[in-house]
Amino acid sequence: MTAPLTFSPEVQDALSAGRPVVALESTIITHGMPYPQNLAMARQVEQVIRDNGAVPATIAVMGGQIHVGLTDAALEALAQTPSDQAMKLSRADLAVCLANGRTGATTVAATMICAHLAGIRVFATGGIGGVHRGAETSFDISADLQELAQTPVTVVAAGAKAILDLPKTWEVLETLGVPVIAYGQDDLPAFWSRTSGIKAPLRMDSAGEIAAAAAMRARLGLKGGQLVANPIPQDAEIARDDIMPVIEQALSEAETRRIAAKEVTPFLLGRIFELTGGRSLDSNIALVLNNARLAAAIAIAMTR
């Protein structure tokens, strides 16, 4: 049996010719920001990948198919889909969404699954999910971490989202055997901030090194992917001392309102956007574009 994959002509041509392709998630489009800003952002990220020598493959579920690469019309239709009409897909609900013919936006975990099915080895996103604050009682841990441990895709992100318990997130990834590679610096980044104050277990300074490490994992028969933690550009950074009080306030409000499960992250990001006067979103877009550039370079190195 074959997976229900539908490729855009651009992505199909690139894969057939062995050209570099970078996967992109779609949750940031349906749940990350309103229309038309989400469409403009999605087009901008795709164009950055093209400008850097690779082909973008935005992944989403529509009409019982995993769409690998979206035409501009499909991208616009997805961007206009209300968030309550698009399932936020992870490993647990990907198959149900497909079987029921519903529209679904892929998280990091689901995008990794779909990218691997499509033969795409690199994926650019903003930040991964991880261990939520208070997980010792709530057990709220993102499925992204288990996916990194079992699906062989290199994920380029600005670290884990800063709203999470970052030390516990890195500890879980270490336990799961996931290589966590800081790009170009010794510290792990913290999404909006270039540093988290936590030393990275691994450091690499070139796309070629990262591609070579992925190839060696495959030769060794090791399961899982790699997480490349790429710091946000300096001119877009929100310093840790500035963003942490805002995060703490948003977390406190979420607890007061008893917001839980998949609703936590969208609420926190939305509230942080309000509290920073929109600056957090500007930084978010900048770091996604930065990750797209590095992912394109890694994809090119992998094809060599």
Side-chain angles (χ1 to χ4, degrees), residues 22-33 38 41-42 45 88 90 105-112 115 122-133 135 140-148 153-173 178-185 187-198 200 225-233 236-240 243-244 246-247 250-251 262 264-273 276 279-295:
V22 175
L24 296 167
E25 62 159 285
S26 47
T27 295
I28 194 171
I29 300 171
T30 57
H31 293 75
M33 59 192 76
N38 58 351
M41 179 276 306
V45 174
K88 187 178 175 185
S90 192
T106 55
T107 61
V108 168
T111 305
M112 289 182 71
V122 187
F123 161 36
T125 186
I128 64 162
V131 180
H132 281 264
R133 311 279 185 99
D140 191 353
I141 301 174
S142 171
D144 295 352
L145 304 187
Q146 286 284 356
E147 207 59 53
L148 279 159
V153 174
T154 294
V155 178
V156 182
K161 295 181 177 73
I163 57 178
L164 301 167
D165 187 323
L166 296 183
K168 287 188 177 69
T169 296
W170 305 130
E171 286 292 342
V172 170
L173 286 172
V178 176
V180 177
I181 303 161
Y183 182 70
Q185 64 180 36
D187 269 12
L188 289 164
F191 200 64
W192 293 292
S193 309
R194 288 181 60 82
T195 180
S196 63
I198 301 170
Q226 305 182 118
L227 176 62
V228 179
N230 185 31
I232 185 173
E237 176 185 26
I238 303 177
R240 190 160 173 78
I243 197 66
M244 286 311 298
V246 173
I247 292 172
L251 285 163
K262 287 187 177 183
V264 172
T265 297
F267 171 80
L268 292 175
L269 295 179
R271 192 69 186 105
I272 291 166
F273 170 82
T276 60
R279 189 179 169 200
S280 64
L281 181 58
D282 294 338
S283 294
N284 197 345
I285 293 171
L287 65 85
V288 171
L289 295 173
N290 192 46
N291 295 340
R293 292 184 197 99
L294 178 55

Please assess D187 against R194 for the test side chain to side chain contact (heavy atoms under 4.5 Å, CB included), listing each intermediate value before the final yes or no.
CA-CA 8 Å; D187 269 12; R194 288 181 60 82; over 6 Å; no
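- The distance from the OG1 atom of T154 to the CG atom of L294 is 10.0 Å, given to the nearest 0.5 Å.
- Note that the NZ atom of K168 and the CG atom of L173 stand 14.0 Å from one another [nearest 0.5 Å].
- Between P189 and A229, the shortest heavy-atom distance links the atoms CD-CB, 3.5 Å.
- Separating the CD1 atom in I285 from the CD1 atom in I28 is a distance of 7.5 Å, to the nearest 0.5 Å.
- Using modelled atom types, one side-chain atom of S196 and one backbone atom of L188 make a donor-acceptor pair closer than 3.5 Å.
- Remark: M112 CE to I128 CD1 distance equals 9.5 Å, nearest 0.5 Å.
- No donor-acceptor pair closer than 3.5 Å links the side chain of S193 to the backbone N or O of T195.
- Closest approach of L166 and A190 over heavy atoms only: CD1-CB, 3.8 Å.
- Closest heavy-atom contact between A157 and G127: CB-CA, 4.0 Å.
- Shortest non-hydrogen contact noted between T27 and T107 is OG1-N, 3.3 Å.
- A donor-acceptor contact shorter than 3.5 Å links the side chain of D144 to the backbone of A109.
- With hydrogens and angles disregarded, no donor-acceptor distance shorter than 3.5 Å links the side chain of W192 to the backbone of A162.
- Using a distance-only test at 3.5 Å, with no hydrogens or angles considered, a donor-acceptor pair links the side chain of N291 to the main chain of L287.
- Residues that satisfy the side-chain hydrogen bond (donor to acceptor under 3.5 Å, both in side chains) test with N290, not counting sequence neighbours, are absent from this structure.
- Annotation for Q185: atom CD counts as buried by contact number, over 12 foreign heavy atoms lying within 6.0 Å.
- Not a single donor-acceptor pair under 3.5 Å links the side chain of E25 to the backbone N or O of T111.
- Closest heavy-atom contact between I181 and Q226: CD1-OE1, 3.8 Å.
- Judged by distance alone, with hydrogens and angles left aside, the side-chain atoms of T169 form a donor-acceptor pair with the main-chain N or O of V131 at under 3.5 Å.
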Apply the test side chain to side chain contact (heavy atoms under 4.5 Å, CB included) to residues I247 and I272: give CA-CA distance (whole Å), side-chain angles for both, the deciding distance (0.1 Å), then the verdict.
CA-CA 7 Å; I247 292 172; I272 291 166; 3.9 Å; yes
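- Within the model, atoms CG of N38 and OG1 of T30 stand 8.5 Å from one another, a figure rounded to the nearest 0.5 Å.
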For F273 and N284, run side chain to side chain contact (heavy atoms under 4.5 Å, CB included): C-alpha distance rounded to whole Å, both residues' side-chain angles, the deciding distance at 0.1 Å, then the answer.
CA-CA 10 Å; F273 170 82; N284 197 345; over 6 Å; no
Before giving the answer on side chain to side chain contact (heavy atoms under 4.5 Å, CB included), spell out for L227 and W170 the whole-Å C-alpha distance, their side-chain angles and the decisive distance to 0.1 Å.
CA-CA 11 Å; L227 176 62; W170 305 130; 3.6 Å; yes
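- When side chains are defined from C-beta on, I163 does not count as touching F191, because their heavy atoms never get closer than 4.5 Å.
- Judged purely by atom type and a 3.5 angstrom limit, R133 uses its side chain to pair as donor or acceptor with the backbone of L164.
- With hydrogens and angles ignored, the 3.5 Å screen pairs a side-chain donor or acceptor of S283 with a backbone N or O of A236.
- Pairing each heavy atom of G129 with each of K161, the nearest pair is N-NZ, 4.3 Å.
- Partners of E171 according to the side-chain contact (heavy atoms from CB on, under 4.5 Å) rule, which considers only residues two or more places apart in sequence or in another chain, are E174.
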